[in-house]
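Encoded as structure tokens, the structure appears first; notes follow it.
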Amino acid sequence: MGFQYILSSHTEKKRDMGQRVDESGQLSLDFLVGFSIFMLTLIVASSMLSGILIGLQSKKIDYDAVAYRTGVILVEDPGEPNAFPNVVTIEETDQWEFIGHIQNDQVLRFGMSQYKSSPKILAHEKIESFFDRTIYPDLSDYRERIIFGDYPYNFNITLKRLDGGIIKTVGDPYPLDASYGYIRRVVQVKDPSSSTVDMYYYELDGGNGQFDMNVNFSELVNATRGPKYWVDPLKERVSFTLDNISGIKDAGALDLYLKSVRLYFLSVDLAGVESYTPLPGSLDLIIDDVTPVKSSDIPPSGVIVNDNIFMEFPPGYFIQPSKFTSGDKTAMKFRFQFDPSTANVTGIARYQVAWSGLDYSPPTLNPAVLEVRVW
């Protein structure tokens, strides 16, 4: 009996010790694995939280960014393709504002700045081409060249001249009762320049009746003056007036007769010899503010001129004739031949950027506001 009692007591003691070991604070392997997975999941979820919240943000912020980017492209970029200054443009495909009239799908990007170095100075011809819906009839033509991306944004672009000029707009009517992205840029519109020659200063008794109007490209695109005041005859409108024609009329003549007008381009042969090459074709001129006259229609006896002669050439007019020129020596001249028996004149005037017997009107920079709305 005693032996059994001792054995039973010993067994109970071992059972009690086993229970105390199982109830200790040590972590099991299963718990450690589960806790590690939980912490890893929490870290991944935390890193993804910012991306999840992006979808909850206002879409107006995204639209504002698109409107801002579009505004920068339009007012700070010259577009593509676009020829650099002082580079002779041989083909119309070197300028997007001209290629659009031929094949608008070759235009890669819109931009109304004249040059990359003159942001916020908008070129007159680029403005006209950009807002011309006969060239770009589909709004998708604009989305692909100023907004980009696959999202079908609606947009409205408006240019308002502060001098009371015509307001130009393109795009969809913007919603008045809904939010949209918006950017407003203050710019300057570079209007074409012009020249007025007072013929009184070129009166010369016994002259041969010949008068030249020289246009030197390197003088007009003058780096010391900066692109704001450049005149690029290949890209911009060129116009000039021979005023006060009566100042060269011979005292014994009843009328002053203009016999011909010819355009010459400076050419350089392989030996480096420079000469002016007469170009075929007819030039339009307005005599005494009446109906335009073609130079080819002037009779041998000439046409009567008593007041002034006005000539205007649209942007791109001289691109094809520029093939006759060479490098940075691009120049041309208009030769007016008057009847020497009725005119006392022999002289040369220059279309230039400084007054020297020539009344020159530099390019006018008119303030304007460009507004871009995207939604």
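Excluded from the calculations below are hydrogen atoms, water molecules and symmetry mates; all remaining heavy atoms, backbone and side chain alike, are included.
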Are [Y] and [X] co-members of a hydrophobic cluster defined by side-chain heavy atoms under 4.5 Å apart?
X: Phe155; Y: Phe131; result: yes
X: Leu283; Y: Phe336; result: yes
X: Phe265; Y: Phe240; result: yes
X: Ile121; Y: Leu220; result: no
X: Leu285; Y: Val197; result: yes

Less than 4.5 Å apart, any side-chain heavy atom of [X] and any of [Y]?
X: Ile157; Y: Ile146; result: yes
X: Asn308; Y: Met199; result: no
X: Met332; Y: Leu263; result: yes
X: Thr342; Y: Lys249; result: no
X: Lys190; Y: Glu236; result: yes
X: Asp172; Y: Trp375; result: yes
X: Gln114; Y: Lys235; result: yes
X: Thr93; Y: Gln106; result: no

Partner of Ser193 by side chain to side chain donor-acceptor pair (under 3.5 Å), out of Trp230, Tyr351, Tyr229: Tyr351
Taking all non-hydrogen atoms of both residues, which atom of [X] and which atom of [Y] are closest, and how far apart?
X: Leu139; Y: Gly171; answer: CD2-CA, 3.8 Å
X: Val215; Y: Pro233; answer: CG1-CG, 4.1 Å
X: Pro227; Y: Tyr115; answer: CB-CD1, 3.8 Å
X: Ala331; Y: Tyr276; answer: CB-OH, 4.0 Å
X: Ile304; Y: Asn306; answer: CG2-ND2, 3.5 Å
X: Ala343; Y: Leu256; answer: CB-CD1, 3.2 Å

Asp243 and Thr241: side-chain donor and acceptor closer than 3.5 Å?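 Result is no, nothing qualifies.
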Could you tell me whether the side chains of Asn82 and Gln95 share a donor-acceptor contact shorter than 3.5 Å?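 Per modelled atom types, Asn82 and Gln95 side chains form a pair under 3.5 Å.
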Check for me whether Arg335 meets the cation-pi criterion with Tyr264, that is, NZ or CZ under 6.0 Å from the six-membered ring centre and within 45 degrees of the ring axis.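 So Arg335 does make the cation-pi contact.
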Just how far is it from atom [atom1] of [X] to atom [atom2] of [Y], taken to the nearest 0.5 Å?
X: Asp163; Y: Asp191; atom1: CG; atom2: CG; value: 7.5 Å
X: Asp64; Y: Tyr180; atom1: CG; atom2: OH; value: 10.5 Å
X: Gln188; Y: Ser113; atom1: CD; atom2: OG; value: 11.5 Å
X: Ile309; Y: Asp289; atom1: CD1; atom2: CG; value: 11.5 Å
X: Glu144; Y: Phe110; atom1: CD; atom2: CZ; value: 9.5 Å
X: Asp138; Y: Arg133; atom1: CG; atom2: CZ; value: 7.5 Å

Should the ring pair Tyr136 and Trp96 be called parallel, tilted or perpendicular, given that the plane angle runs from 0 to 90° and is split at 30 and 60? tilted
Anything under 30° is parallel, anything over 60° is perpendicular, the rest tilted; go ahead and classify Tyr63 against Tyr151. tilted
Would you say the side-chain atoms of [X] pair up with the backbone N or O of [Y], donor to acceptor, closer than 3.5 Å?
X: Asp198; Y: Tyr200; value: yes
X: Asp339; Y: Ser341; value: yes
X: Arg143; Y: Pro152; value: no
X: Asp212; Y: Ile348; value: no

Before giving the answer on side chain to side chain contact (heavy atoms under 4.5 Å, CB included), spell out for Ser195 and Met213 the whole-Å C-alpha distance, their side-chain angles and the decisive distance to 0.1 Å. CA-CA 10 Å; Ser195 289; Met213 179 67 169; 4.2 Å; yes
Test side chain to side chain contact (heavy atoms under 4.5 Å, CB included) on Asp250 and Glu203 and set out the steps. CA-CA 9 Å; Asp250 186 85; Glu203 192 274 337; over 6 Å; no
For this output row, return yes or no: ring centroids of Phe313 and Phe334 closer than 6.0 angstrom. yes
Taking the six-membered ring where the residue is Trp, are the ring centres of Tyr142 and Phe130 under 6.0 Å apart? yes
Does atom OH of Tyr317 have more than 12 heavy-atom neighbours from other groups under 6.0 Å away? yes
Apply side chain to side chain contact (heavy atoms under 4.5 Å, CB included) to Glu128 and Lys168, showing your working. CA-CA 9 Å; Glu128 295 297 322; Lys168 294 183 177 294; 3.3 Å; yes
Any chance you could lay out the salt bridge (Lys or Arg N to Asp or Glu O under 4.0 Å) test for Lys160 and Glu371, step after step, and finish with the verdict? CA-CA 8 Å; Lys160 300 177 181 178; Glu371 296 179 312; 3.4 Å; yes
Kindly determine whether Glu97 and Ile127 satisfy side chain to side chain contact (heavy atoms under 4.5 Å, CB included), including the steps that lead there. CA-CA 9 Å; Glu97 64 266 33; Ile127 293 174; over 6 Å; no
Of the options Val261, Leu242, Val238, Asp284, which is the one that meets Met311 in a side-chain contact (heavy atoms from CB on, under 4.5 Å)? Val261
Regarding Glu80 and Arg145, does a basic nitrogen lie under 4.0 Å from an acidic carboxylate oxygen? no
Please determine whether a side-chain nitrogen of the Lys or Arg among Arg237 and Glu125 lies less than 4.0 Å from a carboxylate oxygen of the Asp or Glu.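 Answer for the salt bridge query: no.
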